[in-house]
Amino acid sequence: MSAQAAMLGNLVPAHIRNISAYIPSKPDDVLREMYKCRQLYRLNNNENALGPTSQAMEAIKKFAPRTAAIYPSGDAYHLCHRLAERFGHSPEAFLVGNGANEVIAFVIKAFCQPGDNIITAEKTFAVYEWVAEFSGFEARLIPLRDYGFDAENMLRAIDEYTKILFICNPNNPTGTYWSEEKLRAFLDRVDGRQIVVLDEAYAEFVEAPDFPDGMKLLHEYPNLIVFRTFSKMYGLAALRIGYLAGNPAVVDIIRRTCVVYSVNALAQTAALATLEDNGEHVAATRRMVSAAKAYLHAELTAMGLFHLAGEGNYMMIRLPVSDTMIYRKLMQQGFMVRTMTGFRFPNHIRVTMNTLPVMEGFIGALKSVLPGL
Amino acid sequence: MSIGKTVEMRMPLLRDMLPVAVGCAEQTARAFGFGKEEQLSLSLAVEEVFAFLAEKANGDETLQLAWRHGGYYLETACISPPRALPTKVFNMTARLALEDEDSLADMGLLLAARKVDHFKIGREKDGGMGIYLTLEKRYPQAAPESGTVIPDSGFGLSPHGREEMKRFARLATTCYRDAAPAFCRFPGKLVDMVSSGEYDAVLALDDKGNIGGGFLWGYNGKMAEGYGPYIFSGQDGLAAVLVEGALEKLARTGVLCLIIRQPTRQIPAAYFEPLGEFNSLAPDGTPQGHTALYRQIEEDNGMTVFTHPHIESFIRERYKSLALPRQLRPTVYEGERRLPDSAISTHVDRLQTTATLSILVAGDDVQDNLAKHIAALRNEGIKNIFFELNLGKAEEVQLVPAVLGAGFKPRLILPWAGCGDLAVFSHSGGE
Ligand SMILES: Cc1ncc(COP(=O)(O)O)c(C=O)c1O
């Protein structure tokens with residue numbers, strides 16, 4: 001670093017100086033070479049092994065390359081209108097972002113100022129906590145109770161500086177969820193005093209009848225914001241597109257902090273086409289997920305490994321050894337899982353559900369790297 | 001670095017300025033609450049460093065002095081701008097010219113190192129050179145905790161206050177004697193270490209305030225160094241609870257790994273990987289052999305490291321047994337031009353009578369230079385001498401024959417401990 005660059009260090013605020021950048025995994029070709037494996041199955045990001053919907057694939061194929069020169073719709077105009085029809089809200093109730101990750105940042109920016117805090121679970125998706133912290137706001141992390149979000153202790157942690165409560169429903173990585181009854185009771189206790197974000201990134205995978213539909217509850221709770229993404233069920237993770245929905249007056253506030261043109265035209269086109277799916281894609285994906293879960297459940301039970309198979313297209317497994325070590329050993333065999341130490345579940349891994357042959361390969365690899373099982 | 005706890009000054013590197021530097025050192029130590037004895041040690045150490053550097057400087061250089069109060073220690077940094085002084089000056093064993101009258105100054109930096117608890121030479125990010133003198137505060141030693149009966153159940157992780165921390169320190173020293181870290185003998189020190197933010201702890205408490213056990217760690221760049229777990233209760237599975245608590249606290253902090261050089265016998269093996277044997281001598285001279293344990297916190301996505309044919313089989317074996325994805329790039333020195341003078345960074349930990357050497361500047365004379373450092377350190381009564389080789393730097397790895405020639409043997413690899421992996425060598429005279 002030059003002397004000048006070192007001096008610039010004085011410009012860095014304390015809350016940035018003390019954190020590290022997120023390290024994304026390397027591209028497949030690099031990883032294959034590092035780990036000397038021929039193929040690589042990514043079972044780490046909860047993507048959909050069946051890919052996008054056929055409608056979206058068709059739309060991507062038809063995308064005219066020349067239109068790459070033209071700016072996209074800055075507010076995803078058509079997509080918001082289509083979402084409005086689908087969910088029975090006005091187009092102003094929607095705000096589309098470069099993945100749900102981006103809308104997390106919009107919400108925090110819109111409501112928090114120095115001294116404020118957000119509340120979420122200690123063991124959940126990391127981005128709520130990260131964005132709060134790198135923006136200089138406190139993240140109050142409430143331990144899970146029986147692997148699920150602890151409503152009572154979240155409510156107890158609220159003070160006059162609390163602006164947002166984040167609930168991941170179903171929770172990544174435990175697969176637990178709040179029923180409609182539980183969610184309503186929580187929202188009633190919050191009583192409109194704070195923003196409640198319901199992250200439904202995996203809602204389309206859930207089949208449980210008592211699972212709440214956040215989109216419907218929006219009519220009753222103006223302080224509720226729902227996140228959805230096209231990355232998981234709809235297989236568009238590479239295009240980066242997700243959105244939030246809420247009361248138009250609240251969304252208008254959030255819109256003031258958002259980056260226009262952050263959602264590219266191809267993503268908007270593919271997302272629009274996705275909404276034409278007649279349910280076939282969702283049904284096929286759910287079949288794949290439940291077959292994979294049933295298979296893994298039987299195998300893991302036989303191996304004596306504790307596992308949590310709740311909702312969502314993932315499963316968390318407890319290992320008798322270090323998860324970060326098993327990660328490396330599974331990588332050598334071409335299976336990439338997510339280590340759970342980073343989710344504060346040491347010695348656990350999270351595995352994305354995939355087709356049966358891939359799951360069989362995974363179990364074979366797991367057996368070979370866990371001696372004595 | 002917390003603002004308000006540092007004192008900084010810049011001054012011409014001239015002998016005439018020496019009283020200013022020394023006076024400021026003494027006043028700073030006093031103002032930060034250090035006792036007479038510490039004030040004196042520090043001013044003597046600063047005097048040695050300043051006199052030595054002023055003698056070597058050409059008259060128009062500036063030295064930056066900074067004192068940082070770390071709670072349980074006071075660190076003095078003496079930083080010279082890039083290329084202000086010839087790098088060989090920064091060898092701990094560098095001497096002044098013989099015609100110099102002052103025989104004390106002839107001892108160079110060694111004398112300064114003798115006055116403080118930790119001494120380190122390093123390169124700054126901007127290419128400047130830094131000499132770091134750390135003086136620890138003196139704390140009263142605790143009486144052993146006797147007669148406490150610790151129940152066999154009812155313990156769980158709990159937030160703790162200073163009093164629990166102190167009681168933990170006393171219990172660790174009482175139950176583990178020399179196997180507990182020396183700092184536990186000074187409960188007040190442990191409290192200050194943890195409140196400095198450089199150390200952290202998890203304790204298991206019951207609802208009566210009894211302490212069932214604890215685990216400690218210190219932050220060292222991207223690595224955390226663990227101590228324990230220390231278990232005082234017969235409750236089943238307490239060690240695993242503590243280790244899990246520590247790992248959960250380390251998650252999402254940016255720390256890449258946790259190493260434990262001297263795990264206690266209660267360590268739950270399932271959370272760790274063995275790194276290799278680590279032999280050393282305790283301050284009283286008793287040999288200690290330990291299997292150092294390793295816990296990666298983040299997923300390892302691989303890197304390229306350099307190897308030298310003389311240590312390649314060791315490196316391959318270590319990486320294979322750790323299943324670490326590394327691309328090995330062999331490198332040897334083939335006569336290409338390099339600097340004639342090397343400089344060696346020395347970190348002396350007087351309390352543990354341990355010194356760790358590493359390469360500051362790769363130069364032709366490195367083997368001689370290492371030999372000089374080893375002789376000087378042995379002369380100072382330092383019992384354990386380690387050498388750390390950065391496997392991410394080809395010019396360092398090319399020096400392997402000199403390192404082996406100086407009597408070092410490769411012992412283990414610390415993944416991600418430097419700007420990449422570090423190979424740790426120990427000096428054979430020290431075991
Ligand atoms: C719970 C949860 N929310 C949000 C996201 C972010 O999704 P996107 O790809 O839309 O940014 C993820 C992705 O892993 C997630 O697991």
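We name chains A, B, ... by the order of the sequence lines, and we start the count at 1 in each one.
- Here R295(B) is the residue among E124(B), E244(B), R295(B), K222(B) with the most heavy-atom pairs under 4.5 Å with chain A.
- Near-neighbour residues of residues 321-331 of chain B relative to chain A, defined by a heavy atom under 4.5 Å from a heavy atom of that chain, comprise L322(B), A323(B), L324(B), P325(B), R326(B), Q327(B).
- Of the residues considered (K123(A), E133(A), M336(A), K329(A)), K123(A) shows the highest number of contacts with chain B, using heavy-atom pairs under 4.5 Å.
- A 4.5 Å side-chain heavy-atom check between Y219(B) and L250(B) finds at least one atom pair inside the cut-off.
- Checked by atom type and distance alone, the side chain of D323(A) pairs as donor or acceptor with a backbone atom of T341(A) at under 3.5 Å.
- No side-chain heavy atom of V127(A) sits less than 4.5 Å from a side-chain heavy atom of F166(A).
- Comment: E129(A) engages R252(B) in a salt bridge, judged by a side-chain N to carboxylate O separation of less than 4.0 angstrom.
- How far CZ of F125(A) is from CG of N172(A): 7.0 Å, rounded to the nearest 0.5 Å.
- At a threshold of 4.5 Å between non-hydrogen side-chain atoms, the residues N45(A) and T352(A) do not count as touching.
- Using cut-offs of 30° and 60° on the angle between ring planes, the pair H348(A) and F345(A) is tilted.
- Listed in order of number, the residues of residues 256-272 of chain B that approach chain A to under 4.5 Å between heavy atoms are L256(B), A270(B), Y271(B).
- Side-chain contact between N153(A) and P143(A): absent, with no pair of heavy atoms (C-beta onward) separated by less than 4.5 Å.
- Proximity to chain A is absent for every atom of K249(B), based on heavy atoms less than 4.5 angstrom apart.
- Here the side chains of L296(A) and M353(A) are in contact, with some heavy-atom distance below 4.5 Å.
- Of the two parts of V337(A), only the backbone, made up of N, CA, C and O, holds a non-hydrogen atom closer than 4.5 Å to a non-hydrogen atom of chain B.
- Expressed to the nearest 0.5 Å, how far CD1 of I164(A) lies from OG1 of T120(A) amounts to 10.5 Å.
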May I have the step-by-step check of side-chain contact (heavy atoms from CB on, under 4.5 Å) for L242(B) and Y230(B), ending in yes or no?
-> CA-CA 9 Å; L242(B) 289 164; Y230(B) 304 102; over 6 Å; no

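- The contact between P24(A) and chain B is made entirely by backbone atoms, counting heavy-atom distances below 4.5 Å.
- Side chains of I359(B) and N390(B) form no contact here, defined as non-hydrogen atoms less than 4.5 Å apart.
- Judged by a 6.0 Å distance limit and a 45° cone about the ring axis, K120(B) is positioned over the six-membered ring of Y132(B).
- Top candidate by heavy-atom pairs under 4.5 Å with chain A, chosen from Q296(B), M303(B), E273(B), E299(B), is E299(B).
- At a 4.5 Å heavy-atom cutoff, the contact between E298(B) and chain A is made by backbone atoms alone.
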